[in-house]
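A short worksheet on the structure shown next.
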Amino acid sequence: MLHQTFICIKIDMMALMLEALEKMGHNVPWMSWNLFLGLVPLGLSFWLFPKRRSRWLLWGTGFLLGATFLSSTRPVFAYLKHIVQDVGKTYVLGAIAITLALMAVDIWVLQQRGVRSLRWWGGFFWFIAFLPNAPYVLTDIIHLIRQIQEGNSVWTVTLALIPQYLVFMLVGFGAYVLSVMNLGYYLKQQGWSKFILATEITIHALSAIGIYLGRFIRFNTWDIVTNPDGLVNTVMNDLIGKRPVLVMAVTFVVIAVLYWVMKQVILGISQRFYSSQSQRELSADSATSSS
């Protein structure tokens, strides 16, 4: 009797594990795609705003970008095909020609010390354009609510889906915080520390607008290229109503508060990391000198 009970419990646990893996696997493709879009500005920030960084952070970001890209290969090529079909081959060829021309100008003309190249400004433009994709992951909580409403078991929701969503949102929003912090460090290096707070507030506001356009109007980042007229008309005409303003105001507050909290956590962790690293270097130097 006890043996049969144990077998039944084992079968039930296996069924729960299979159900949990199935539900988590269903989330992997779109989560990977959203994380890839959110990690792009972080990767760009390493190039745009160079400074001394942890090797673990650089390699970790590169690994996550590669992993999320490989997991999202199908939607990436589908969206590229969509963009090419929308803008036409002439536009794509023209864009390639302009890009090559700007690169040539950057290499041969603008190589002066202290001058930011056109390539840098192009990268900064796409950094700002992609940045709302990182805090956008917070709104994906609606998918968790939908999955709970579908009648998934309490164990699946508690032990599988909620941890999966927490990791997903933590990585995505963490990429946003690190990206904005990297911009702040760059402003400090340039002697513009007094503009850091204003820049952070401006970016939070732009991200709130971008999240509203993406979640409710269903625009994408590449609509800047494929559908600029529709994007401009929506921004000018549809964002001044009471509901959009209220939603964007709440989104701004949520982003600003969570950004401040996570920024303090990251600063505390980085301070401990660099202090311990400095102590190890001092210990190594003292050991070398004594020998």
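- Minimum heavy-atom separation, Val137 to Ala134: CG2-O, 3.1 Å.
- Note that OG1 of Thr199 and OH of Tyr186 are 12.0 Å apart. Values are rounded to the nearest 0.5 Å.
- Closest approach of Gly123 to Leu44, counting heavy atoms only: O-CD1, 4.0 Å.
- Side-chain contact between Val247 and Ile211: absent, with no pair of heavy atoms (C-beta onward) separated by less than 4.5 Å.
- A heavy-atom distance below 4.5 Å is found between the side chains of Leu42 and Asn182.
- Counting only heavy atoms from C-beta outward, the side chains of Asn133 and Leu39 never approach each other to under 4.5 Å.
- At a cut-off of 3.5 Å, with distance as the only test, no side-chain donor of Gln190 or Tyr185 sits close to an acceptor on the other residue.
- Placement of Leu48 and Leu58 within a single hydrophobic cluster is found when ILVMFWY residues are connected by side-chain heavy-atom separations under 4.5 Å, directly or transitively.
- Under a hydrophobic-cluster definition in which Ile, Leu, Val, Met, Phe, Trp and Tyr are linked whenever side-chain heavy atoms come within less than 4.5 Å, directly or via other members, Leu267 and Tyr259 are assigned to the same cluster.
- Within the 4.5 Å cutoff, the side chain of Leu35 has no heavy atoms near those of the Ser32 side chain.
- Proximity of a side-chain donor or acceptor of Thr68 to a complementary backbone N or O of Leu65 within less than 3.5 Å is detected.
- Note that CD1 of Ile255 and OH of Tyr136 are 12.5 Å apart. Values are rounded to the nearest 0.5 Å.
- Distance check: Leu178 CG to Lys263 NZ gives 11.5 Å after rounding to the nearest 0.5 Å.
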Item to check | ring-ring contact (aromatic ring centres under 6.0 Å, His included) evaluation trace for Phe168 with Trp30 | outcome: CA-CA 11 Å; Phe168 165 67; Trp30 67 264; 5.6 Å; yes
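- Note: the hydrophobic cluster containing Ile203 also contains Trp121 (ILVMFWY, side chain heavy atoms under 4.5 Å, direct or indirect links).
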Checklist entry - Could you go step by step and tell me if Asn27 and His143 meet the side-chain contact (heavy atoms from CB on, under 4.5 Å) rule? => result CA-CA 9 Å; Asn27 293 332; His143 297 298; 5.8 Å; no
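- The aromatic rings of Tyr176 and His204 sit tilted relative to each other, their planes meeting at an angle between 30° and 60°.
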Checklist entry - Should Ile201 and Phe252 be marked as a side-chain contact (heavy atoms from CB on, under 4.5 Å) after you check the CA-CA gap, both sets of side-chain angles, and the distance that decides it? => result CA-CA 9 Å; Ile201 293 174; Phe252 170 82; 3.9 Å; yes
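- Note that the CG atom of Leu183 and the CZ atom of Phe195 stand 13.0 Å from one another [nearest 0.5 Å].
- Considering only heavy atoms from C-beta on, Leu166 stays 4.5 Å or farther from Leu170 through its side chain.
- Taken from CG in Leu159 to CD in Gln164, the straight-line distance is 13.0 Å, to the nearest 0.5 Å.
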Item to check | Derivation of the side-chain contact (heavy atoms from CB on, under 4.5 Å) call for Ser179 and Leu131 | outcome: CA-CA 8 Å; Ser179 299; Leu131 195 55; 3.8 Å; yes
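- A donor-acceptor pair shorter than 3.5 Å can be found between the side chains of Asn34 and Asp140.
- Met248 approaches Ala208 most closely through the heavy-atom pair O-CB, 3.5 Å.
- Between Trp120 and Phe49, the angle of the ring planes goes over 60°, which puts this pair in the perpendicular group of the 30/60° scheme.
- Between Leu138 and Leu258 the shortest side-chain heavy-atom distance falls below 4.5 Å.
- Nearest heavy atom pair, residue Ala175 against residue Gly38, reads CB-O, 3.7 Å.
- Between Trp33 and Phe36, the two ring planes are parallel [angle under 30°; tilted spans 30° to 60°].
- The shortest side-chain heavy-atom distance between Tyr165 and Gln147 falls under the 4.5 Å cut-off.
- Linking ILVMFWY side-chain heavy atoms closer than 4.5 Å, directly or via other members, places Leu197 and Ile266 in two distinct hydrophobic clusters.
- For the pair Gly184 and Ile196, the tightest heavy-atom approach, listed with the atom from each and the gap, is O-CD1, 3.4 Å.
- There is a path of hydrophobic side-chain contacts, each under 4.5 Å, that joins Trp47 to Phe130.
- In Trp260, the CH2 atom is not crowded: 12 or fewer heavy atoms of neighbouring residues, nucleotides or ligands sit closer than 6.0 Å.
- Summarising the geometry, atom CD1 belonging to Ile141 is positioned 8.0 Å from atom CD1 belonging to Ile162; distances are rounded to the nearest 0.5 Å.
- Taking 4.5 Å as the limit, every side-chain heavy atom of Met181 sits out of range of all side-chain heavy atoms of Glu200.
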